[in-house]
Amino acid sequence: MTNDIPAPHRRTASRRPQSLAAFARAKALIPGGVNSPARAFGGVGGEPIFFASAQGQHLTDIDGTTYLDYIGSWGPMILGHRHPRVVAAIERALATGTTYGAPTEAESRLAELIVAAVPSIEKVRMVSSGTEAAMSAVRLARGFTGRDLIVKFAGNYHGHADSLLVAAGSAAATLGVPNSPGVTAGTARDTLVLEYNEPQQLEDLFRDRGDSIAAVLMEPVVGNMGLVVPTAGFLAAIRDLTHRHGALFVCDEVMTGFRLALGGAQELLGIEPDLTTLGKIVGGGLPLGAYGGRADVMDHILPAGKVFQAGTLSGNPLAVAAGTATLEELRDRPPYEALERIGGRLEAGFRRAAADAGATVWIARVGSMMTMFFQQGSKPVPVTGWQTASQSDTGRYAAFFWGMIDRGIYMPCSQYEALFFSTCHTEADIDRTIAAAAECLASE
Ligand SMILES: *Cc1c(COP(=O)(O)O)cnc(C)c1O
């Protein structure tokens, strides 16, 4: 009987012949058909949609269907696609050359904007991706402290540098186990993985090995296992323990920076990291990352200090122009109250829709980031870390995702990714999204 029921992605696949053909072609040329795995729809089944253009809050695929976009390129597009100020800045930069391999004044202007916005950043170095920012911050922390070990939390993503591709998923302090072939056991051994929001684990670990820990890295609001919010006690434990033991507190704000507040999650939550990594919004839709923090730590980077880090395209003029225009727009017209209001409307609507449909969900939201975790039991279980997040009903999420696609709404293609919206999303967009969600939840 169940064989007669098509998988959710099959119901309307015939509406996307161009995307299906494009994917077949791409798969023959590019591993898995994509240049980054999250795009392949592995978390929901079926074939990815190929896009032709974007404008504001909308994406248009190569079959001519337009979707309301709740991914925003996984974070960068807080102003929506092709914001006029950003487009104009890129065009101006294009007219004067795309890369020189030499310093420009524009880099200092962007650095000034970052230093003014992010409370704990006194000096900042620009790179080309969030991965590079996190990798460099780890090297700097090790170089500065002269220690080898780093601590991260299960379900937190810090890009794909070897030492950060480790998530044992174990509740206790464990020796890291690489979660990708190609990451050596030796590298993984220097990364210790703890459960998020468990200050006691951190305390125990620091008691045993505090004098060998270079840094604790964390997402101050997690977006990469679905949205998970830190407790005040957890944040305080990280700050106190790193401080007491001479380790550095590294806040990975690649996703939250300039999104939850102009000064990122650290402004919103009142936390004071030693180093911060940035990406996504800081490049305004072009490849740019950055890491910054205490001047005395940052001055250990070559050529001021001895810790090596370099990049042919670092501080690239086009990316710097897009990032500068984006940060100036966010500074001049802070959208954060409006985003919070829109987010509250979406959250309330999803809660109502889930309750009406009798679906068990845990909804977490901060500003313009949100996740609805589908759960199996009859009562929602708070999602506080990977142990609870990983219990989600991913099958129900997949059905929901494809139902939303059928209704022209492009949500994250995995239960374990947060949705994002932009300053372009209107109340009417939100209400349409809620109505679609109510239909999807009721029809399951
Ligand atoms: C996206 C992300 C990264 C990696 O950034 P890339 O630009 O994809 O390399 C690192 N940390 C966090 C928190 C992220 O969300």
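Side-chain atoms are counted along with the backbone in the values below, which use heavy atoms only and exclude waters and symmetry mates. Treat the numbers as computed from the prediction; the structure is a model and nothing was measured. Just so you know, ligand 1 is whichever comes first in the structure, and atom 1 is the first atom listed for that ligand. Heads up: numbering here begins at 1 and tracks the sequence.
- The aromatic rings of W402 and H9 are tilted relative to each other, their planes meeting at an angle between 30° and 60°.
- Neither the backbone nor the side chain of E253 comes within contact range of ligand 1; no heavy atom lies under 4.0 Å.
- Protein non-hydrogen atoms do not reach within 4.0 Å of atom 8 (O) of ligand 1.
- For atom 15 (O) of ligand 1, the closest non-hydrogen atom of the protein is K280 NZ, 2.6 Å.
- When only interatomic distances are considered, the shortest N/O to N/O separation between G130 and ligand 1 falls below 3.5 Å.
- When every heavy atom of A247 is checked against every heavy atom of I213, the shortest pair comes out as CB-O, 3.2 Å.
- Each of the following atoms of ligand 1 lies closer than 4.0 Å to a heavy atom of D252: 10 (C), 11 (N), 12 (C), 13 (C).
- Contact atoms of ligand 1 toward M255: 15 (O) (distance under 4.0 Å to a heavy atom of the residue).
- Here the heavy atom of the protein found nearest to atom 3 (C) of ligand 1 is V254 CG1, 3.7 Å.
- Under 3.5 Å, the side chains of T60 and T66 contain a donor-acceptor pair of N or O atoms.
- In summary, the atoms of ligand 1 found under 4.0 Å from a heavy atom of E219, numbered by their order in the structure, are 13 (C).
- In this structure, H245 places its NE2 atom where more than 12 heavy-atom neighbours from other residues, nucleotides or ligands lie under 6.0 Å away.
- Relative orientation of the Y196 and F153 rings is perpendicular, given thresholds of 30° and 60° on the angle between their planes.
- Nearest heavy atom pair, residue F401 against residue C413, reads CE1-CA, 3.7 Å.
- Residue S129 approaches ligand 1 through these ligand atoms, each under 4.0 Å from one of its heavy atoms: 7 (O), 9 (O).
- Counting only heavy atoms of the protein, atom 4 (C) of ligand 1 lies nearest to T131 N, 3.7 Å.
- Taking CZ from R294 and CZ from F249, the interatomic distance works out to 13.0 Å, rounded to the nearest 0.5 Å.
- Contacts with ligand 1 closer than 4.0 Å are made by no heavy atom of T256, backbone or side chain.
- By the 30° and 60° cut-offs, the orientation of the rings of F41 relative to Y410 is tilted.
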